[in-house]
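Both counts, for ligands and for their atoms, begin at 1 and track the order of listing.
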Amino acid sequence: MWLPMYLEKQNEKEMKALGLKLKADDLYAANRPSIKDAICQFSGGCTGEIISPQGLLLTNHHCGFDAIQKHSTLEYNYVEDGFWAMSRADELPCPGETAMFISRMEDVTALALQNVTEAMGERDRQSQIDKNLAQIKVSTKKEKWEDILIRPFYNGNQFFLFVTVTYTDIRLVGAPPSSIGKFGADTDNWVWPRHTGDFSLFRVYADKDNRPAPFSADNQPLKPAHFLPISLDGVEEGDFTMVYGFPGRTDEYLPAAALRQAAEVTNPVRVDIRDKALKTMDRFMRNDPAIKITYISRFANIANAWKKWLGEMQGLQTYNAVAKKQEYEAEFIRRIGQKPDWKVRYNNLLPRLNQTYKDIEPYAEARDNYLETFMRNVQAMGVASGLSGWVKTFEDGNAAAFSSKIRDVSARVENDFTAYSPEVDKAVFTVLIERFAKTMRPEWGGAFVRGEAERLGGFDKLADYLYSGSVLTNADRWKALAAGDAGAFGKALSQDPVLAFWRGVSAPYQEQVVPKLQEHQTTLNLLQRQYMAAQMQVFKDKRLFPDANGTLRMTYGKVRGYSPRDAVRYEFRTHLDGVLEKYVPGDYEFDVPQKLIDLWKNKDYGRYATKDGRLPVAFLGTNHTTGGNSGSPALDARGNLVGLNFDRVWEGTMSDLNYDPAICRNIMVDARYILFIIDKYAGAGYLLQEMKLVKGKRK
Ligand code: ARG
Ligand code: ASP
């Protein structure tokens with residue numbers, strides 16, 4: 001996860017030795033077009049890339065899924081059936097989707113840390129830094145249409161500035177049916193061998209000057225500074241690949257105590273809560289196609305993190321991550337012992353980190369219990385928490401402040417209602433509060449929930465009472481009140497049972513847990529920053545990449561299979577034959593469209609087949625990726641797109657905390673499968689005409 005602007009200094013030599021045929025400044029240059037100009041952060045959480053001179057954008061199906069779902073109804077079900085715009089006019093506007101490109105980046109550490117001293121407390125330090133960053137922002141030159149982002153790196157030891165350009169007129173161009181784009185769904189998610197055609201196509205639009213502009217029929221397709229050619233050659237084991245994108249978050253430099261806590265305390269809480277929520281949602285979705293459409297995107301998101309946390313905790317155990325970190329810490333201690341000034345400065349770090357992880361543990365567990373139950377998995381409670389402060393302005397008699405926000409708040413809540421079923425939410429609520437009442441300490445909210453259930457005659461009765469009487473669980477009631485008299489609306493909200501319940505359970509949490517959590521977290525942040533700085537000094541001989549933080553990074557490696565267990569060896573590539581091996585007619589996750597079956601029967605693969613006549617679907621590499629890298633291009637040695645990153649293998653899901661090159665692999669859709677689906681399956685071959693397809697360039 002290397003910094004694009006330092007590739008020449010830090011990585012070029014190694015990348016060339018591995019096979020790269022370009023120079024570092026072909027990948028990143030600040031003042032001439034380079035490959036980075038084709039890469040964008042897609043809608044905040046994924047990566048996308050431009051693959052034509054007319055702004056065609058490629059990303060994952062799961063990254064475009066929200067947009068696809070929002071355009072879907074039982075009648076026009078693009079989630080089920082796919083969507084292909086047969087002309088520009090058919091492309092579907094996707095409000096809310098964005099494409100953010102990087103114009104340039106800069107190290108601003110010295111300015112960011114000006115007047116920051118070691119003696120400063122954490123709060124003073126942060127306010128000095130905030131002041132410095134504000135100053136940097138106003139003094140940095142940028143164009144009107146550009147924005148400035150500054151992010152901490154290495155736990156706050158360095159700071160980099162990014163000048164960005166964000167386009168907001170994004171339109172849906174194409175998506176395969178879920179039986180291709182989401183083939184294998186949650187059963188196959190995070191797993192190899194994989195057979196998912198996880199891609200979708202959008203187009204970025206700009207104003208007549210090629211600048212960002214809100215949606216307008218007059219906008220034109222973006223003319224990018226660079227777009228990625230697509231290779232028809234495919235990859236073979238051992239080929240060089242690199243993945244350019246926006247990895248979200250890793251924590252590779254934590255102490256062993258943190259890994260143990262994740263594996264044994266916090267991940268298990270999260271997994272258990274989501275497990276219960278998912279089973280409940282799944283029951284409804286399988287019974288009712290309308291509920292399936294409503295919940296399919298939400299379900300996928302909840303399930304994705306659930307499964308990752310499960311894989312992560314298992315991987316940490318199986319591959320002895322804690323013991324390995326302890327060895328690393330022993331080496332750290334050995335090295336600092338050799339230098340008296342290191343010993344003075346760093347000797348206390350690990351003992352203090354260990355103690356603080358011990359101190360924070362009960363609060364961290366309570367935090368995950370509370371957040372997963374009330375903020376992430378029960379929708380009505382999430383809505384209540386977002387409204388409480390605003391309703392308070394009404395209760396405090398500030399009618400003007402209350403009224404002025406009705407429109408904004410209402411737009412947000414009504415948007416939440418587009419993916420809401422009170423029946424499903426109530427069922428999730430019922431199982432989760434029962435769990436909460438049993439597991440949360442009484443004085444931290446457990447007693448409140450138990451008391452409410454006893455008062456109303458059980459958890460079911462409590463749920464009935466809250467969900468039948470609330471405005472937050474009923475879209476029609478909400479709309480009617482929001483459109484009516486502000487005083488009546490405020491009064492109804494201040495008497496709302498769901499809001500009252502949420503306030504009842506959040507008060508002890510806010511009073512008893514949050515202050516302690518913050519106190520220990522502040523200590524951890526300080527210690528981790530010092531520990532990071534110490535590691536960079538003490539392990540100067542190792543190159544330490546900065547943890548992912550949602551900024552543009554380059555990762556590289558080779559196409560390679562792996563061995564998950566004794567005597568088991570996974571090959572690096574899957575094929576269409578494997579899709580048919582997994583095929584279960586009519587299945588929720590493993591159905592296959594008839595047209596694809598016919599193409600397979602006739603071996604009608606055109607120019608997209610491998611040398612041995614099979615159709616490639618996905619392949620593995622040793623590139624170090626994480627969440628946010630989804631949709632990132634996998635490039636060959638010459639910068640041609642050969643794959644589309646979308647996942648990691650099960651045994652390697654721990655890689656955010658413990659990257660192990662022997663076992664961690666990223667999963668990419670083979671570019672040839674994408675082209676095949678567009679061309680042969682969807683009959684949208686006209687889209688290929690705007691792309692640049694290259695052949696005969698593999699070596
Ligand atoms: N695991 C991949 C990632 O973290 C793919 C997720 C999409 N698929 C799903 N079933 N939710 O995002
Ligand atoms: N599937 C992930 C994403 O959406 C990628 C990963 O976690 O490997 O970014």
Side-chain angles (χ1 to χ4, degrees), residues 1 39-49 58-69 79 175-176 178-200 243-252 274 277-278 281-282 285 292 295-312 315 547-553 555 557 588-590 618-634 643-660 663-669:
M1 297 183 180
I39 319 295
C40 61
Q41 188 171 52
F42 183 74
S43 298
C46 277
T47 302
E49 56 274 3
L58 176 65
T59 188
N60 288 140
H61 185 261
H62 78 264
C63 295
F65 201 56
D66 257 341
I68 300 166
Q69 186 243 6
V79 168
S178 286
S179 51
I180 292 174
K182 210 177 139 90
F183 180 73
D186 297 300
T187 300
D188 267 11
N189 191 21
W190 299 109
V191 170
W192 186 259
R194 189 66 156 276
H195 296 87
T196 315
D198 194 345
F199 79 95
S200 60
V243 173
Y244 214 169
F246 289 83
R249 174 166 184 175
T250 59
D251 290 286
E252 305 287 351
R274 289 199 179 202
L278 288 164
M281 290 162 77
D282 188 63
M285 289 166 66
K292 182 177 170 188
Y295 272 96
I296 196 158
S297 181
R298 182 177 168 85
F299 185 92
N301 288 333
I302 295 177
N304 191 42
W306 160 77
K307 198 164 176 184
K308 184 192 132 173
W309 290 326
L310 185 66
E312 186 175 83
D547 268 319
N549 60 358
T551 61
L552 183 63
R553 304 295 179 89
T555 167
Y588 199 73
E589 299 185 301
F590 292 99
F619 65 96
L620 294 177
T622 61
N623 307 291
H624 182 194
T625 54
T626 185
N629 268 125
S630 273
S632 300
L644 180 66
N645 184 71
F646 72 105
D647 208 357
R648 284 169 279 167
V649 300
W650 182 243
E651 297 79 6
T653 44
M654 63 182 175
S655 69
D656 293 348
L657 299 173
N658 178 46
Y659 180 73
D660 182 342
I663 206 83
C664 295
R665 295 288 180 273
N666 71 312
I667 309 179
M668 298 153 276
V669 193

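Cation-pi check for Lys292 over Tyr588 is met; the charged atom lies under 6.0 angstrom from the ring centroid and within 45 degrees of its normal.
Ranking the protein heavy atoms by distance from atom 7 (O) of ligand 2 puts Arg648 NH2, 2.8 Å first. Looking only at heavy atoms of the protein, atom 9 (O) of ligand 2 is closest to Gly628 N, 2.6 Å. If you check which protein heavy atom lies closest to atom 7 (C) of ligand 1, you get His62 CG, 3.4 Å. In this structure, atom 5 (C) of ligand 2 lies nearest to the protein heavy atom Ser630 OG, 3.2 Å. Scanning all protein heavy atoms for the shortest distance to atom 10 (N) of ligand 1 gives Asp186 OD1, 3.0 Å.
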- Task: Mind running side chain to side chain contact (heavy atoms under 4.5 Å, CB included) on Thr196 and Val669 for me, showing each step along the way?
- Result: CA-CA 7 Å; Thr196 315; Val669 193; over 6 Å; no
- Message: Under the criterion side chain to side chain contact (heavy atoms under 4.5 Å, CB included), I'd like the reasoning laid out for Met654 against Ile663: C-alpha separation, chi angles, the key distance, then a yes or no.
- Response: CA-CA 10 Å; Met654 63 182 175; Ile663 206 83; 3.7 Å; yes
- Query: Does the side chain to side chain contact (heavy atoms under 4.5 Å, CB included) test come out yes or no for Asp547 and Met1, once each step is laid out?
  - Reply: CA-CA 7 Å; Asp547 268 319; Met1 297 183 180; over 6 Å; no
- Task: May I have the step-by-step check of salt bridge (Lys or Arg N to Asp or Glu O under 4.0 Å) for Asp656 and Arg648, ending in yes or no?
- Result: CA-CA 11 Å; Asp656 293 348; Arg648 284 169 279 167; 2.9 Å; yes
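Contacts between Thr626 and ligand 2 below 4.0 angstrom, taking non-hydrogen atoms only, involve the backbone exclusively.
Applying side chain to side chain contact (heavy atoms under 4.5 Å, CB included) to Leu644 and the options Val243, Ile667, Leu58 leaves one that passes, Leu58.
Close contacts between ligand 2 and Trp190 involve ligand atoms 7 (O) [criterion: under 4.0 Å to a heavy atom]. Ligand 2 places these atoms under 4.0 Å from at least one heavy atom of Gly627: 2 (C), 3 (C), 5 (C), 6 (C), 7 (O), 9 (O). Per-residue contacts place Ala300 under 4.0 angstrom from the following atoms of ligand 1 (heavy atoms of the residue considered): 11 (N). Atoms of ligand 1 found under 4.0 Å from any heavy atom of Asp647, numbered from 1 in the order shown, are 1 (N), 2 (C). The distance from ligand 2 to the heavy atoms of Asn629 drops below 4.0 Å at these ligand atoms: 9 (O). Of all the atoms in ligand 2, the ones that sit under 4.0 Å from a non-hydrogen atom of His62 are 1 (N), 3 (C), 4 (O). Near Phe646, meaning under 4.0 Å from one of its heavy atoms, ligand 2 places the atoms 1 (N), 2 (C), 5 (C).
For ligand 1, the polar-atom distance check against Asn301 finds no nitrogen or oxygen pair separated by under 3.5 Å. Considering backbone and side-chain N/O of Lys182, none are found under 3.5 Å from N/O of ligand 1. Geometrically, ligand 1 and Asp198 share no nitrogen or oxygen pair separated by less than 3.5 Å.
Between the side chains of Asp198 and His62, at least one donor N or O lies within less than 3.5 Å of an accepting N or O. There is no side-chain donor-acceptor pair under 3.5 Å between Trp192 and Asp647.
Listed for the Glu589 side chain is a donor-acceptor partner under 3.5 Å among the backbone atoms of Thr187. With hydrogens and angles ignored, the 3.5 Å screen pairs no side-chain donor or acceptor of Arg194 with any backbone N or O of Ala618.
Taking the six-membered ring for Trp and thresholds of 30 and 60 degrees, His624 and Tyr659 have nearly parallel ring planes, at less than 30 degrees apart.
By heavy-atom distance, the residue among Asn304, Asn189, Thr187 lying nearest atom 12 (O) of ligand 1 is Asn304.
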